[in-house]
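Chain identifiers are assigned alphabetically (A, B, ...) following the order of the sequence lines, protein sequences preceding nucleic acid strands; residue numbering begins at 1 within each chain. The basis for the numbers below is simple: all heavy atoms, side chains too, and nothing from hydrogens, waters or symmetry mates. Only a predicted model underlies this, so the values are computations on that prediction, with no experimental measurement involved.
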Amino acid sequence: MTDFKRTLITTALPYANGPIHIGHLAGVYVPADIYVRYLRLKNEDVIMIGGSDEHGVPITLKAKNEGVTPQDVVDKFHKIIKDSFQKFGISFDVYSRTSAKIHHETASEIFRKLYDTGKLIEKTTEQYFDEANNQFLADRYITGTCPKCGFERAYGDQCESCGTALSPTELINPVSMISGNAPVLKETKHWYMPLDQYEPWLREWILEGHKEWKPNVYGQVKSWIDGGLQPRAVTRDLDWGVPVPVEGTEGKVLYVWFDAPIGYISATKELTPNWELYWKDKETRLLHFIGKDNIVFHCIIFPSMLKAEGTYNLPDNVPANEFLNLEGDKISTSRNWAVWLHEYLDEFPGKEDVLKYVLTANAPETKDNDFTWKDFQARNNNELVAILGNFVNRALVLTQKYFGGKVPECGALTDTDKETLASISLIKAEVEKSLDSFRFREALKNAMDLARLGNKYLADEEPWKVIKTDEERVKTILNISLQITANLTICLEPFLPFSMEKLRGFINLEKLDWEKFGETNLLKAGHQLNTPELLFEKIEDDVIEKQVQKLLDTKKANELAQAKASPAKENIEYDDFSKMDIRVGTVIEAEKVAKTKKLLKLKIDTGIDQRTVVSGIAEYYEPEALIGKQVSILVNLAPKNLKGIESQGMILCAENADGSLSVVSPDKIVKNGAEVK
RNA sequence: GGCGAGGUAGCUCAGCUGGUUAGAGCGCAUGAUUCAUAAUCAUGAGGUCGGCGGUUCAAGCCCGCCUCUCGCUACCA
């Protein structure tokens, strides 16, 4: 392992179309912050980089919906995000944003270098173009009828009704969202990153060279590389983003995935003129803290970009976390299923560390985890209050009571005393071991063992009894208890910075370096302590119930929104309807299409003929159950090849609120070929 | 369907290159204790290590098949 002189830590850039929620925190910012604070306590040269990711189509759409400019949208969320991080105590050295000038310059420079050195390939393709507005249309700017479910306002990349991923050219009757006109296909030129060319190198560098990466990260990367990498467009036709720094490319910007990670570099530039030291010096260690959704970008794409550029360091590790669920359901910004950081900060003032603690203790390090308010309460009451807060309070109250808050002399040590003091260093070693391998959940548990040690020591030594017979002995016992307390301020500083500052206030101690952790004379005899207060307070049931109720309300609102039937489509003429030839037919054969999850191959007696139809209902019907059943079938739909089978028609289905499908059958048996009209 | 990650005590998770009676925290039970925010300390109950089969002197760890969860991907006329 290389000996590094300094560390550069990047944290995934949150997308500026919504506030920060606990999923972001647990996955990225809390662990990164713990690690950075730990290194800082060790006086290592470390910087932590963050910023808002402000480009991309979703932001332009949000702006359009709200009738404001994209800049307005990102200004709003950048402020909310930045403020909440700051209040929560995520200790970025710089929190920048990709709409900043320095970022535009940096991203342009890097693109330009790749362009000039022939690292990009140029390709011309056909894309939809809005002639009225004279611009190419991003996928999300095109609506049309979903070819699958017939929903009339499906987007060019996805149908919001049935969830299908689409490409714009699949839409029936595509319409530009900007002008309302039908767009035309037109040629456009773009640059691509030939990721396929980096495949051998990626294999060598990661699959051979970084076997120590977390299994979830390594596995995902291997999966991508083995699947074969494709060239990926680095530019697109859009007016929001970093303009392509090449002559004659008006209306083109860098694709957001290309410009966003460069944001780490621009933010570093914003922080220090010495930025190159952090990005290019071989003795700098680069770490990307991200969530699992970002693995491919940070392990494959961004490194390939940096490799192509040639002068930058590559990440030494990418400690990616899995996802955090909330009360059993996936966290979702659009469904408002989240605990929002800015709301938490308002509703739980002074409890920043409680959330940090809970998110760390239950961090999704190896698999998706679940955040529940009940667990939040239990961890606060049973661990922070009962173990940590209680120990500190016991030690301090006893010292006040017996010695007026002055640290008593340490006398002769018993074997238990020696063992207890020695345990402090053992705990330190455990915490370090866990932190060094990015096992924050375990590190926190190790750290809490120090408070457990204190509680056990007090229970064993019973100073409240000994005081009646041997005051000298009590002095030693409390001296040791206070040394443990002082050590706690170091040990838990990376995890609970606000609380440890408070605790240092109680014992009148300055912030100490990590190397002091383990020393047994941090508080000198005679040192005056302050009057202690409570370090943590219990959280009562009603507070938790209120939060749970808030989520239940959200759930209810979502269900209501879901259950609502979509509005009627525009009126059509009878002629339009009569073009469709819908018949009743009987299923005579049915089998699953091999290698698919949803497809059934059906043979239908339509009265006219017997024909083969492929239908995406395999998840809801057993093939055998369909045989002999009468169904409705659109017989004059143009045939289409699916998985090598020609599908000659479409089975009509009703879609339920949960997305499940139900075939539409006649009420009584009718002759095959009966027309539906 | 393909690929990846997981399935270990009620809950959340450890278990290194296979090796004695499978561990921790929380919860639970019993006891001790009262300095402390009814907190603490001790002891204990709780596991066919997803299922079946195999390799081995020996498997939670290796191999095969199956099954469930999550993610990526294909597919949905």
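For the P atom pair drawn from B/G15 and B/C62, the interatomic distance equals 13 Å after rounding to whole Å. Of the C1' atoms belonging to B/A59 and B/G19, the separation is 10 Å, rounded to the nearest Å. Taking the C1' atom of each, B/C28 and B/U12 are spaced 16 Å apart, rounded to whole Å. Between B/C57 and B/G50, the two C1' atoms lie 28 Å apart (nearest whole Å). Nucleotides B/C66 and B/G2 have their P atoms positioned 9 Å apart, rounded to a whole Å. Taking the P atom of each, B/C65 and B/G23 are spaced 32 Å apart, rounded to whole Å. When the C1' atom is used for both B/G46 and B/A9, the distance is 6 Å, rounded to whole Å. On the P atoms, B/G53 is 48 Å away from B/A39, given to the nearest whole Å.
Look at A/Arg439 and you'll find a side-chain N or O under 4.0 angstrom from OP1 or OP2 of B/G15. Contact annotation: A/Lys292 side-chain N/O to B/A5 OP1/OP2 distance is not under 4.0 Å. Taking only side-chain nitrogens and oxygens, A/Arg452 never comes nearer than 4.0 Å to OP1 or OP2 of B/G25. Contact annotation: A/Asn382 side-chain N/O to B/G27 OP1/OP2 distance is under 4.0 Å. For the pair A/Lys538 and B/A39, the criterion of a side-chain N or O lying under 4.0 Å from OP1 or OP2 is met. Between B/G71 and A/Ser223, no contact under 4.0 Å exists linking OP1 or OP2 to a side-chain N or O.
Under the 3.5 Å distance criterion, with hydrogens and angles disregarded, no donor-acceptor pair is assigned to the side chains of A/Asn362 and A/Arg379.
Here B/C65 sits opposite B/G51 as a Watson-Crick or G-U wobble pair (both hydrogen-bonding atom distances under 3.5 Å). As the counterpart of B/U12, B/A24 is assigned, both hydrogen-bonding distances of the Watson-Crick or G-U wobble pattern falling under 3.5 Å. The partner of B/G18 cannot be assigned: no Watson-Crick or G-U wobble pair with both contacts below 3.5 Å exists in any strand. Across all strands shown, the partner of B/C3 is B/G71, judged by Watson-Crick or G-U wobble contacts whose two distances both fall under 3.5 Å. Nucleotide B/U43 is matched to B/A29 when pairs are restricted to Watson-Crick or G-U wobble geometry with both distances under 3.5 angstrom. Pair assignment for B/A36 gives none, since no Watson-Crick or G-U wobble pairing has each distance under 3.5 Å. Nucleotide B/G60: unpaired (no Watson-Crick or G-U wobble partner with both distances less than 3.5 Å).
For A/Arg379, counting side-chain heavy atoms from C-beta on, the closest listed nucleotide (B/U12, B/U33, B/A14) is B/U12. Side-chain proximity of A/Arg394 to the nucleotides B/U37, B/C35, B/A14 is greatest for B/C35. Of the listed nucleotides (B/C35, B/U33, B/U37), B/U33 has the atom at the smallest distance from the side chain of A/Lys465. The A/Lys367 side chain lies nearest to B/U8 when the options are B/A36, B/U8, B/C70. Comparing B/C35, B/G25, B/U37 by their nearest atom to the side chain of A/Glu383 picks out B/G25. The side chain of A/Asp460 sits closest to B/C41 out of B/U37, B/C35, B/C41.
Looking at heavy-atom distances under 4.0 Å, A/Ile651 makes no contact with the nucleic acid at all. A/Val614 comes within 4.0 angstrom of the backbone, heavy atoms only, and of no base. As judged by a 4.0 angstrom heavy-atom cut-off over every strand, A/Asn390 is placed among the base-contacting residues. Across all strands, A/Lys222 comes closer than 4.0 Å to no nucleic acid atom at all (heavy-atom distances). If you check every strand for non-hydrogen atoms under 4.0 Å, A/Pro215 touches sugar and phosphate atoms only. Here A/Glu365 lies out of heavy-atom contact (under 4.0 Å) with every strand. Using a 4.0 Å heavy-atom cutoff across all strands shown, A/Glu322 reaches no nucleic acid atom at all. Here A/Phe391 lies out of heavy-atom contact (under 4.0 Å) with every strand. Using a 4.0 Å heavy-atom cutoff across all strands shown, A/Ala378 reaches no nucleic acid atom at all.
The nearest whole Å value for the distance from the CZ atom in A/Phe506 to the C1' atom in B/U37 is 12 Å. At whole-Å resolution of the value, CD in A/Glu461 and P in B/A32 are 21 Å apart. Rounded to an integer number of Å, the gap from A/Lys374 NZ to B/U12 C1' is 12 Å. Atom CG in A/Asp375 sits roughly 8 Å away from atom C1' in B/C26 (whole-Å rounding). Rounded to a whole Å, the CG atom of A/Asp293 is 12 Å from the P atom of B/G71. As a whole-Å value, the separation of A/Tyr402 OH from B/U34 P is 11 Å. Summarising the geometry, the separation between CD on A/Glu442 and P on B/A14 is reported as 9 Å, rounded to the nearest angstrom. For the pair A/Leu384 CG and B/C26 C1', the interatomic distance rounds to 13 Å; values are reported in whole Å.
Between A/Leu535 and A/Gly649, the residue anchored nearer the 5' end of RNA chain B, judged by the nucleotide with its closest heavy atom, is A/Leu535. Comparing A/Asp368 and A/Ile387 by the nucleotide of RNA chain B that holds the closest heavy atom to each, the one mapping nearer the 5' end is A/Ile387.
A cation-pi arrangement, defined by a distance under 6.0 Å to the six-membered ring centre and an angle within 45 degrees of its axis, is absent between A/Lys211 and A/Tyr218.
To the nearest 0.5 Å, atom CG of residue A/Asn479 and atom CD1 of residue A/Ile477 are 11.0 Å apart.
Within 6.0 Å of CH2 on A/Trp224 lie no more than 12 heavy atoms contributed by other residues, nucleotides or ligands.
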- Task: Starting from the C-alpha separation in whole Å, work towards a yes-or-no answer on side chain to side chain contact (heavy atoms under 4.5 Å, CB included) for A/Leu450 and A/Ile424.
- Result: CA-CA 7 Å; A/Leu450 187 52; A/Ile424 301 176; 4.1 Å; yes
- Tell me, with the steps shown, if A/Asp460 and A/Lys456 meet salt bridge (Lys or Arg N to Asp or Glu O under 4.0 Å). CA-CA 6 Å; A/Asp460 289 347; A/Lys456 180 167 166 46; 3.1 Å; yes
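Salt bridge status for A/Lys330 with A/Asp370: absent, with no side-chain N to carboxylate O gap under 4.0 Å.
Between A/Tyr35 and A/Phe438, the ring centre distance stays below 6.0 Å.
Contact of the A/Asp353 side chain with the A/Phe495 side chain is not registered, since no non-hydrogen atoms from C-beta on lie closer than 4.5 Å. Counting only heavy atoms from C-beta outward, the side chains of A/Lys428 and A/Cys491 never approach each other to under 4.5 Å.
Applying the 90° criterion around 0 to the glycosidic angle, B/G46 comes out syn.
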